[in-house]
Structure formats: C-alpha cells, structure tokens
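Quick notes on the structure that follows.
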Amino acid sequence: VQLQASGGGLVQAGGSLRLSCAASGRISAINTMGWYRQAPGMQRERVATITSGGNINYADSVKGRFSVYRDNAKNTVYLQMNNLKPEDTAVYFCFGQFQNPLVSSAWINYWGQGTLVTVSS
C-alpha cells in the first residue's frame with residue numbers, strides 16, 4: 001500500500017489550501033484515515049481523523065477552520081484548510097489504517113511522504 005499526498009505550498013495568513021492523499025496498491029479495506037503534522041523542532045501531532053463510518057475528530061487548534069473528508073471510491077482523504085495561521089506551518093502527513101489482506105482481523109498503519117505547508121504572516 002502506498003499513500004501519495006499533495007496540495008501543500010506557500011500561502012498567506014487567512015488563505016486556504018486543500019491537501020489530498022490517495023491510497024493505492026493491494027487494498028481490501030480502510031478504516032481510519034487522516035492527517036498529522038510536524039512543525040520544526042516539534043513532535044508530530046494529530047490534526048484530523050475520519051473513520052470509514054464517517055466519525056470525525058479534530059485537534060482543538062484547527063476546529064472551525066479545517067475540514068477532513070474522504071472519497072471511499074477513490075481511497076482518498078482530503079483536508080480543507082481555511083483561515084490558515086502562521087502556526088499551521090508544518091509538514092503534513094496523511095495516514096490510513098488498512099486491513100491486512102492475509103489476516104483480516106489485523107490492521108496496518110501506512111503513512112504518506114509528507115507535504116509542506118508554509119503560512120506567511
């Protein structure tokens with residue numbers, strides 16, 4: 001399984017970006033998908049997650065500004081980021097929890113390569 005993230009870039013404070021992350025490979029089922037981010041010198045932190053049933057969780061710092069959604073037919077998860085702030089600057093990583101095709105009761109987390117989001121003040 002491979003995850004390909006895209007959509008990062010440079011934006012001014014108050015602007016918007018949409019990140020995409022498409023999964024490919026041998027996929028039988030996907031449970032939770034979502035996004036984490038890591039700013040320079042900081043630990044990776046959870047931004048938003050969405051389960052296959054549509055349950056969503058956001059970090060408090062992005063509530064009301066970011067929206068996560070997925071297209072199950074395309075095995076793709078998105079992160080719409082509005083009203084961006086300089087403190088949102090980070091490398092954003094997508095992840096997905098994939099069913100092990102050999103052991104259906106087991107799930108494996110895969111990560112994308114990261115996409116850089118830079119918000120200027």
Side-chain angles (χ1 to χ4, degrees):
V1 174
Q2 296 173 339
L3 292 170
Q4 181 67 45
S6 61
L10 173 63
V11 64
Q12 289 187 333
S16 298
L17 283 174
R18 189 183 78 157
L19 306 182
S20 301
C21 178
S24 62
R26 187 180 178 184
I27 299 171
S28 54
I30 309 174
N31 190 4
T32 301
M33 300 186 80
W35 297 88
Y36 280 65
R37 68 185 180 186
Q38 187 167 18
M42 304 292 286
Q43 289 188 334
R44 189 174 296 191
E45 64 173 356
R46 179 182 58 84
V47 176
T49 59
I50 179 169
T51 69
S52 57
N55 291 319
I56 294 173
N57 280 286
Y58 294 104
D60 288 342
S61 59
V62 306
K63 284 180 181 177
R65 301 187 298 121
F66 290 13
S67 296
V68 63
Y69 57 102
R70 60 194 282 177
D71 184 334
N72 291 326
K74 296 181 179 180
N75 294 326
T76 299
V77 63
Y78 303 90
L79 185 67
Q80 177 66 45
M81 305 184 293
N82 298 326
N83 190 21
L84 282 159
K85 303 176 180 181
E87 51 263 42
D88 294 318
T89 295
V91 177
Y92 285 70
F93 298 90
C94 62
F95 85 98
Q97 190 180 42
F98 294 81
Q99 186 179 47
N100 187 324
L102 301 178
V103 182
S104 60
S105 60
W107 297 82
I108 305 170
N109 288 337
Y110 287 93
W111 292 85
Q113 83 283 8
T115 183
L116 177 62
V117 172
T118 303
V119 185
S120 63
S121 57

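When a residue number appears, it is its place in the shown sequence, counting from 1. These numbers come from the heavy atoms of this one structure, side chains and all, not from hydrogens, waters or symmetry mates.
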Testing the basics here: between [X] and [Y], what is the closest heavy-atom pair and its distance to 0.1 Å?
| X | Y | value |
| --- | --- | --- |
| Ser28 | Pro101 | OG-CA, 4.3 Å |
| Val77 | Gly34 | CG2-N, 4.4 Å |
| Arg65 | Leu84 | NH1-CA, 3.9 Å |
| Ala23 | Leu3 | CB-CD2, 3.3 Å |

If we ignore hydrogens and angles and just use 3.5 Å, is the side chain of [X] paired with the main-chain N or O of [Y] as donor and acceptor?
| X | Y | result |
| --- | --- | --- |
| Tyr58 | Val68 | yes |
| Gln113 | Ala5 | yes |
| Thr89 | Val119 | yes |
| Ser52 | Asn31 | no |
| Arg37 | Ala90 | no |

For the [atom1] atom of [X] and the [atom2] atom of [Y], what is their distance to the nearest 0.5 Å?
| X | Y | atom1 | atom2 | result |
| --- | --- | --- | --- | --- |
| Thr115 | Leu17 | OG1 | CG | 8.5 Å |
| Ser6 | Gln4 | OG | CD | 7.0 Å |
| Ile50 | Met33 | CD1 | CE | 9.5 Å |
| Phe66 | Asn83 | CZ | CG | 9.0 Å |
| Gln97 | Gln99 | CD | CD | 10.5 Å |
| Asp88 | Thr118 | CG | OG1 | 11.0 Å |

Is there a side-chain contact between [X] and [Y] in this structure, where contact means two heavy atoms from C-beta onward sitting under 4.5 Å apart?
| X | Y | answer |
| --- | --- | --- |
| Arg26 | Leu102 | yes |
| Val47 | Leu79 | yes |
| Met81 | Tyr92 | yes |

> In chain order, what residues pass the side-chain contact (heavy atoms from CB on, under 4.5 Å) check against Ala106, with sequence neighbours excluded?
Replying inline: Asn100, Val103

> Which residues pass the side-chain contact (heavy atoms from CB on, under 4.5 Å) test with Ser24, sequence neighbours left out?
Replying inline: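 Residues passing side-chain contact (heavy atoms from CB on, under 4.5 Å) with Ser24: Gln2.
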
> What residue pairs, at least two apart or across chains, pass disulfide (SG to SG under 2.5 Å) with a residue in residues 8-101?
Replying inline: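 Residue pairs with at least one partner in residues 8-101: Cys21-Cys94.
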
> Cluster partners of Phe93, using ILVMFWY side-chain heavy atoms under 4.5 angstrom, listed by chain and number?
Replying inline: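 Once heavy-atom contacts under 4.5 Å are chained together, Phe93 belongs with Tyr36, Val91, Phe95, Trp111, Leu116.
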
> Going by side-chain heavy atoms closer than 4.5 Å, which hydrophobic residues are tied to Trp107, directly or by a chain of links?
Replying inline: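 Cluster partners of Trp107: none, it stands alone.
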
>> Taking side-chain hydrogen bond (donor to acceptor under 3.5 Å, both in side chains) as the definition, give me every residue that meets it alongside Gln80, ordered by chain and number, with sequence neighbours left out.
In response: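 Applying side-chain hydrogen bond (donor to acceptor under 3.5 Å, both in side chains) to Gln80 gives Asn82.
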
>> With side-chain contact (heavy atoms from CB on, under 4.5 Å) as the criterion, how do Ser20 and Arg18 come out once you've worked through the C-alpha distance, each side chain's angles and the decisive distance to 0.1 Å?
In response: CA-CA 7 Å; Ser20 301; Arg18 189 183 78 157; 4.1 Å; yes

> Where do Lys63 and Asp60 land on the salt bridge (charged side-chain N to carboxylate O under 4.0 Å, His left out) test, with the steps shown first?
Replying inline: CA-CA 5 Å; Lys63 284 180 181 177; Asp60 288 342; 3.1 Å; yes

> In the single-linkage hydrophobic clustering (I, L, V, M, F, W, Y; side-chain heavy atoms under 4.5 Å), do Tyr78 and Phe98 co-cluster?
Replying inline: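 Different hydrophobic clusters.
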
> Of Val1, Thr51, Asn75, Asn72, which is the lone residue that meets side-chain contact (heavy atoms from CB on, under 4.5 Å) with Ile30?
Replying inline: Asn75

